[in-house]
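Every chain is numbered from 1 and lettered A, B, ... according to where its sequence line falls, protein lines coming before strand lines.
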Amino acid sequence: MKRDNVKVALFFIFVSFVLTMSVIMGVFLAMNSYVQQKKSNIPLYVFLKTDTTQNAVEDFVNTVKQLNGVKSVKLINKKKALEQMVKKFHIDPTIFVNNPFPDSLEVFFYPNYTNKDYFNRFREDITSPIVESVAYPKDVLKEIESIHSKVIYFSEIVIFVLYSVEFIVFLSIMTIFYSNRKFDYDTLKFFGIKRFTIFRLFLKETMLPSFYGFIFSVVLIFALYFTYGSYGGLPFMSIELFKSVQRDTFVVNIIVGFGFTLLSSILVFLINDEKV
Amino acid sequence: MVEFIEVTKSYKKKPIFVNLSFRIVPNRINQIVLPQSAGKSTILKMIYGAEKPDSGFVRVFDFNVTDLNYSGILLLRRYLGIIFEDIRLISNMTVKDNLKAITKLTKRNLYLSEEIFDMLSIGHLLDKYPYELSISEQSLVNIARGVIYNFPLVLADEPLRYLSLDYKVKVIHLFKYLNEKKSITFLIAALNPIDENFYTIDLRYEKG
């Protein structure tokens, strides 16, 4: 059979849509994941009273670990705190008669909980009598929250614009596709064939290249996984993260791609097709 | 079977016919003879509902085509064989699929008279695509598609246009055979009279 260039064009548009959008969304998700990772490295400090017993500290650590949003808890006891300070500032340890440091906790949260509001609420909720004070690096948290919201905003804008452009591309190729077939469809109407039957024929013709595009994209994605797994590895994008974000975005874009094909086919047919 | 009563039709505000009236003779091969660009195709298109008259009546099988809605026009077309001037084979279907498209897509179990393949010598073309055929071969397939289901009325718009003399003879022989043996009525539009035995319709109209 003669090569049908419109079908070939639709096939490549589908493949390029799925791959481009998957890679771009994958990059944005990786950026988001990187910022979130940085965010969840910001601790909330809980300073305990100096007269607290070791058992009370351990009980308190276990209680904090159970609280909502807590990823990990690091106990810094007073002895360790003194050693760290002496080491850091090269101070003679004999000048201290008593250890001036209290026991303290560094509480790390999951990224969604690492924000000013949650930290403040957390501070108010800790009502244990052994707690002296609660603090966190407000400026650092504010800065990283601001960066995170900018990354999300920028990603959403770019993805919205790209999806809009891609949809226009789908509409354009469908218009070309329909114009290419209009003469044949009109002929079928002259033989009494229903418009709905012709629409099904058109839909079958447009969905088929998209389906082949999907198969081809699967092969390409697996090749990409293999290549990245063997030779790749960006410093802040582990192979596992790469595969997981690519898999998610790939599935989303396959569905969106089929949705765009279907929607643009329906729109183009309704706008261009004449009844008889 | 087909009757035009005082039909007026204009194209881009330029009248082609004013008060055109004629009637075809059932069970005969009728021919309309008109010069180039005088409205032959327009007459046929008005019969199968692809063009509407500005005024007047086009009666086909007791229906007034101008009154038919979308479903009515589709129904009417299912009883018409059409041989197009511009051939109009479906580009991505083989000859066989082109011939069977009507049954396949309308899900009707129509009788396909395969003797026509032999009469037009197109049996060897069945698995080919239109682009693989010469213009005269495409024209033969177009003719075959119009007559293959033994519809009661066949409309043919310059059917012999692209054919060599020997094929013209074959096609005329086929038309006569289908008319005599199967009582199919033909309405052929042509530049010149095709055969002296065909009934030439007397078109009555005022020139635009």
Residues B:Leu74 and A:Ile193: closest non-hydrogen pair is CD2-O, 3.9 Å

Residue part contacting chain B, namely of A:Glu205, when any heavy atom lies under 4.5 Å: side chain

Would you mind telling me which of B:Ile73, B:Leu76, B:Leu75, B:Ile82 has the largest number of heavy-atom pairs within less than 4.5 Å of chain A? B:Ile82

I'd like to know whether OH of B:Tyr70 has more than 12 heavy-atom contacts from other residues, nucleotides or ligands below 6.0 angstrom. yes

CZ/A:Phe183: more than 12 non-hydrogen atoms of other groups inside 6.0 Å: yes

Ring geometry between B:Phe84 and A:Phe191 (parallel below 30°, tilted from 30 to 60°, perpendicular above 60°): perpendicular

Rounded to the nearest 0.5 Å, how far apart are CG of B:Asn98 and CG of A:Leu188? 8.5 Å

Is it the case that over 12 heavy atoms from other parts of the model lie below 6.0 angstrom from the CZ atom of A:Phe199? yes

Smallest separation among heavy atoms of A:Lys189 and B:Arg77, with atom names: O-NH1, 2.9 Å

How far does CZ of B:Arg78 sit from NZ of A:Lys194, to the nearest 0.5 angstrom? 5.5 Å

Spell out, as yes or no, whether a donor-acceptor pair under 3.5 Å connects the side chain of B:Arg88 to the backbone of A:Asp184. no

Can you tell me if NZ on B:Lys170 sees more than 12 non-hydrogen neighbours from other groups inside 6.0 Å? yes

Residue B:Lys104 versus chain A: region with a heavy atom under 4.5 Å: neither

Please look at A:Thr187 and chain B and tell me whether the side chain, the backbone, both or neither of the residue comes under 4.5 angstrom of a heavy atom of that chain. both

For A:Lys38, look at atom NZ and say whether over 12 heavy atoms of other residues, nucleotides or ligands are found less than 6.0 Å away. no

Which of residues 49-68 of chain B have a heavy atom under 4.5 Å from any heavy atom of chain A? B:Gly49, B:Ala50

Take A:Ile198 and B:Leu105 through the side-chain contact (heavy atoms from CB on, under 4.5 Å) test and state the conclusion after the steps. CA-CA 9 Å; A:Ile198 293 169; B:Leu105 294 171; over 6 Å; no

Find out whether B:Leu80 and A:Phe190 are in side-chain contact, i.e. whether some heavy atom of one side chain is under 4.5 Å from a heavy atom of the other. no

Within 6.0 Å of CZ in B:Arg108, more than 12 heavy atoms from elsewhere: yes

Counting neighbours of NZ on A:Lys150 that are heavy atoms of other residues, nucleotides or ligands and sit closer than 6.0 Å, is the number greater than 12? no

With a 4.5 angstrom heavy-atom cut-off, which part of B:Leu89 approaches chain A: side chain, backbone, both or neither? backbone

Decide yes or no for A:Arg181 and B:Ile90: does some side-chain heavy atom of the first lie under 4.5 Å from some side-chain heavy atom of the second? no

Set of residues satisfying ring pair (Phe, Tyr, Trp, His ring centres under 6.0 Å) with respect to A:Tyr178, sequence neighbours excluded: A:Tyr185, A:Phe202, A:Phe269

